[in-house]
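To start, the structure under review is shown below, and the notes come after it.
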Amino acid sequence: MPFALTEKLFFRLCLLSPYSSTVPRTWKLLFAKSFGNLQAKMALVRASRYFLPTWKEDPAEAELPSHKLMLRAGMIRKLAAGIYTYLPLARRVLHRIEGIIREEMDAIGGMEITMPMIHPAELWAETGRLQDFGPILGRFRDRAGREMVLGPTHEEVITDIARREIRSWRQLPLVFYQIQTKFRDEPRPRGGLIRAREFTMKDGYSFHESKEDLDRFYREIYQAYLNIFHRCGLPVVVVEADPGLMGGSESHEFMLPNPYGEDSFIQCENGDYAANLEGAVSLKDEDPPEPLLPVEEVATPGCYTIEAVANFLGVPTRKTAKAVFYRTPKELVFVVIRGDLEVNEAKLARALGTGEIWPATEEEIAACGAVPGYASPIGIRRNGVKVVVDDSIPKARNLVAGANREGFHLRNVNFPRDFQADIVADVAMAREGDRCPRCGGRLRIQRAIELGHIFKLGTKYSEAMGATFLDREGKPRPLIMGCYGIGVGRLLAAVIEAHHDEEGIIWPAHLAPFQVVVSVLNPDHDELLRLGEDLARALDEAGFEVLLDDRDQSAGEKFHDAKLWGIPVLLVVGPRAAKQNQVELERRADGAKFAVSAEPKAVVEKVRELLERARA
RNA sequence: CGGAGAGUAGCGCAGCCUGGUUAGCGCGCAUGGUUCGGGACCAUGAGGUCGGCGGUUCGAAUCCGCCCUCUCCGACCA
């Protein structure tokens, strides 16, 4: 579409986003000329003078296709684990991706800003996240000894701006975003740009006077995110997510299904439910009715696991009740769950209303009077121990549970006849093959790359940091916030994951670092080189970004590099076709070849046609 | 943090088990020449603290110990 814009529209586009990389350069020049300022030179990009360090072989350190290809194509280089340099080819694509993000963010009223990368630690202490983030936070002291952190995200910083500057409901809503480098000292970086420690992120923050206005904007940004990923050629799945450390109520993740993904989500075969595994819900069957039998103690020597007990007594694991102990900052938690299910710690933490939980130690378990391996919900000493019963338990009958005595279990335990709970909640991990809570369809677990995440934060940060405004009644109220992230480097890698073959990358035309590579097979033949330069210049003037491959290398190497780089159209200027006053065009996506007259007009025409079809 | 694997020239690897001249191979790189349409060929050449430190030994890339780094699986992950 940019190639078909009218000039008037273009000027508006330029004013809106002067750095947009999707605007053809010729029009930028026109724009510049009409204001009588800079005369940008249109120097051809010559491969012989450009930095394109390609590798013939797969690097040993990479596993994922995108990681291998980015290293081989000379896009990135590693400095340390999870820390990369973006070389020119990668930078060019990033400009385009960032351009798309800026257009979509600007279109919903976003204002681009840049916040500091270095934050005083005390700012993070205000919200408690200095603690919560723990070792993931990069920290150092400045020369005065003040504790500083490397920003892993920017809720605190933007909320600090908000509390200083936002006074009245009349100023709202406000939407800010930035595209910036973040640092998170992840315990395990992996997959190149898929999970890096230093990475580029688009993070956005919105401020609202009401929950309703946040809801309204949330729908807008949700759509903007879909636009961004669709324009990048990525079929994302939107997934209900757990807000986790960020806090807040509603949250969605934008996932690209991929076998190498760093994340997983669960999806109904009928497409009406998709959720991150952390928060996924599935149906739990009710046991067929059977009379409740009296509790009876049975000897189960050496049966410390559910499997052992079930085997020993000859019952299925789903006829047992499993005891699992956790510790929170406040208390010990005793979870009772059906024996065939696992506890989902994220769901448990939410049910408890606490940020952090971790498995209890044997000592802690023993301290409350429970016998590890034989712990029982019956007769557990209740002081200081919170009993959480998974909602699978009330639906089950006559379960086998621990007897709280070494070597013994109880048969026919029933809730609530035999024991009570402080909380009954769904704290079970959803499993592959479980049934969908919406339609009863089968659930499948899929690996995926998390590309974006949006949150309704509510007032978590504004309350903690005292960011208030005066509402329509003149009363001070905490700002209602949302935050919205996209992993830009990860997005770049994801595009390659979704668009490549054995020979290299296959960029969607509007993301490609160059749309055309003009390969002069014998650059030392003056005539051929001149023809290549003329055609490259003509393409450049027509608004395409052109790489002139004038390197003195064998034709085979140049063809292979062109495929590796994934440039959508290859224009071959060689002696064979030149004899008939022709050149050859080859489309990267399917290898289709076309002979064209070596006239600039004809070449530009054909290239334009090929690119139109190559759009994602 | 738990488990597994790896570190030898820019890249990919052999050598190590069974210690012994000057540490190899392929690719790449430099120079000269021949080539020139799907990763050419010939000749010459540069390039190595064998991850680091310590130990054993007459002698260590090779055996032992400690440490560092990287990769994969898991835990973790706005």
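Only heavy atoms go into these numbers, but all of them, side chains included; no hydrogens, no water, no symmetry mates. Throughout, protein chains are lettered first and strands after them, A, B, ... in sequence-line order, and every chain is numbered starting at 1.
Comment: A:Arg91 engages A:Glu98 in a salt bridge, judged by a side-chain N to carboxylate O separation of less than 4.0 angstrom.
Counting non-hydrogen atoms under 4.0 angstrom, A:Gly191 reaches the backbone sugars and phosphates but no base. If you check every strand for non-hydrogen atoms under 4.0 Å, A:Tyr260 touches nothing.
For a distance-only test at 3.5 Å, the side chain of A:Arg188 fails to qualify as a donor-acceptor partner of the base of B:C77.
Between A:Glu61 atom CD and B:A6 atom C1' the separation is 12 Å, expressed in whole Å. B:C72 atom P lies 13 Å from atom CD of A:Glu262, rounded to whole Å. The distance from atom CD of A:Glu63 to atom C1' of B:G74 is 15 Å, rounded to the nearest whole Å. Rounded to whole angstrom, the span from the CD atom of A:Glu450 across to the P atom of B:C77 amounts to 12 Å.
Pairing partner, B:C66: B:G52, with both Watson-Crick or wobble hydrogen-bond distances short of 3.5 Å. A 3.5 Å limit on both hydrogen-bonding distances identifies no Watson-Crick or G-U partner for B:C17.
With B:C11, B:G74, B:C70 as the candidates, the nucleotide lying closest to the side chain of A:Ala81 is B:C70.
Put simply, the residue from A:Phe207, A:Tyr222, A:Tyr484 that forms a ring pair (Phe, Tyr, Trp, His ring centres under 6.0 Å) with A:Phe217 is A:Tyr484.
Counting heavy atoms from C-beta outward, A:Tyr326 and A:Leu332 have side chains that stay 4.5 Å or more apart. Residues A:Gln178 and A:Asp203 have side chains in contact (heavy-atom distance under 4.5 Å, counting atoms from C-beta outward). A:Ile486 is not listed as a side-chain neighbour of A:Phe254, based on a closest heavy-atom distance of 4.5 Å or more.
For the 3.5 Å distance criterion, the side chains of A:His500 and A:Ser66 fail to qualify, holding no donor opposite an acceptor.
In this structure, A:Asp203 and A:Asp58 both approach RNA chain B, and ranking their closest nucleotides by distance from the 5' end singles out A:Asp58.
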Which nucleotides of nucleotides 32-52 of chain B have their base under 4.0 Å from a protein heavy atom (B), which only their sugar-phosphate (S), and which neither (-), written as one string 5' to 3'?
----BBBBS------------

